[in-house]
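Throughout, a chain's letter reflects where its sequence line sits, starting with A, and its residues are numbered from 1.
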Protein chains: 2
Amino acid sequence: MVTRIPLQLLDCLPKAGTEPLARTTAETMATALKAVADPTRLQILAMIAASENQESCVCNLTEPLDLTQPTISHHLKKLAEAGLISGERRGTWVWYSLNRERWIQIANLFNA
Amino acid sequence: MVTRIPLQLLDCLPKAGTEPLARTTAETMATALKAVADPTRLQILAMIAASENQESCVCNLTEPLDLTQPTISHHLKKLAEAGLISGERRGTWVWYSLNRERWIQIANLFNA
DNA sequence: TGAGATTATAGATAAGTATCTATACAGACA
DNA sequence: TGTCTGTATAGATACTTATCTATAATCTCA
């Protein structure tokens, strides 16, 4: 099972006159950003988004990305931990879909 | 001297029906995101932004962050390579300031 | 020019992580 | 139940990187 990283940091980025960014807050933010700061994971996100119904099983990702199945699973786990995707088992396959609210949440880190 | 990472990727993030995200594009994006996916660098950005005139010399960053001067210089170099800050020598000190256009550019990666 | 102060670089080290192979787990179905 | 397929986990390895100490480079000023 995957544990999500909590995030309540919408008001903490570079702005004049604010108080210093607390270390723990900075670390939480960095953890979220690290999840998307990887080329393979960006490709996975893009592939899921471009798929029909905006979901994809692991098997559809492995071949185009030219990586082994365990490596893809590793990246999917990272993305799930960051709350960016969710997996749902339907029969033999596990279907991953985007959590767009979470994507927007991370995007907002830049707008504060 | 610092070399900037080129970036022309405003139209490449998760959206249904788009074509696959090219590896080279994904790598360029990931490089930009990695620059901000670090707690110390987020704190540095916040400190510069909160400083008077929104600039800071290295000496003002070292003590509050409880890191050695070379470590701070290392992170400043990473941020400069990503185009997020610029350093200007004025006398003995080097003053770093934010490149807000670049910050917005990276933020836009999430809005495409 | 020489001394002192600030910043950058070089080199070493430890921690993190992306990848692989091997294997376990879970569901479908005969 | 047993076998096959799809996915997850364990463990190993190589690469990256954040940090340190030591030192070089740059500027000021006496």
If I compare all heavy atoms of [X] with all of [Y], which pair ends up nearest, and what's the gap?
| X | Y | answer |
| --- | --- | --- |
| A:Leu67 | A:Ile72 | CB-CD1, 4.1 Å |
| B:Gly91 | B:Arg89 | O-NE, 3.3 Å |
| A:Ala49 | A:Leu98 | CB-CD1, 3.6 Å |
| A:Ile48 | A:Tyr96 | CG2-O, 3.7 Å |
| A:Pro39 | B:Glu27 | CB-CG, 3.7 Å |

Report the nucleotide, chosen from [options], that has the shortest atom-to-atom distance to any side-chain atom of [X].
| X | options | value |
| --- | --- | --- |
| B:Leu67 | D:dT9, D:dA8, D:dT19 | D:dT19 |
| B:Lys77 | D:dC20, C:dT9, C:dT6 | C:dT9 |
| B:Arg89 | C:dC20, D:dT26, C:dT9 | D:dT26 |
| B:Cys59 | C:dT7, C:dT6, C:dC20 | C:dT7 |
| B:Gln69 | C:dT21, C:dT6, C:dA8 | C:dA8 |
| B:Thr40 | C:dT7, D:dT19, C:dC20 | D:dT19 |
| A:Ser73 | C:dT9, C:dT19, D:dA8 | D:dA8 |
| B:Thr71 | C:dT9, D:dT19, C:dA18 | D:dT19 |

Between [atom2] of [N] and [atom1] of [X], the distance in whole Å:
| X | N | atom1 | atom2 | result |
| --- | --- | --- | --- | --- |
| A:Gln43 | C:dA18 | CD | P | 14 Å |
| B:Leu65 | C:dT7 | CG | P | 14 Å |
| B:Ile72 | D:dT21 | CD1 | P | 14 Å |
| A:Glu88 | D:dG6 | CD | C1' | 16 Å |
| B:Asn60 | C:dT6 | CG | C1' | 12 Å |
| B:Trp95 | C:dT7 | CH2 | P | 9 Å |
| A:Lys78 | D:dT7 | NZ | C1' | 19 Å |
| A:His74 | C:dG16 | NE2 | P | 14 Å |

Comparing A:Leu76 and A:Lys34 on DNA chain D - which has the more 5′ nearest nucleotide: A:Leu76
Upstream residue (5' side of DNA chain D) when A:Cys57 and B:Gly91 are each assigned their closest nucleotide: A:Cys57
Note: A:Arg90-A:Glu55 ion pair, threshold 4.0 Å (strictly below): yes
OP1 or OP2 of [N] versus the side-chain N and O atoms of [X]: is any pair under 4.0 Å?
| X | N | result |
| --- | --- | --- |
| B:Arg41 | D:dA18 | yes |
| B:His75 | D:dT19 | yes |
| A:Thr68 | C:dC20 | yes |
| B:Tyr96 | C:dT6 | no |

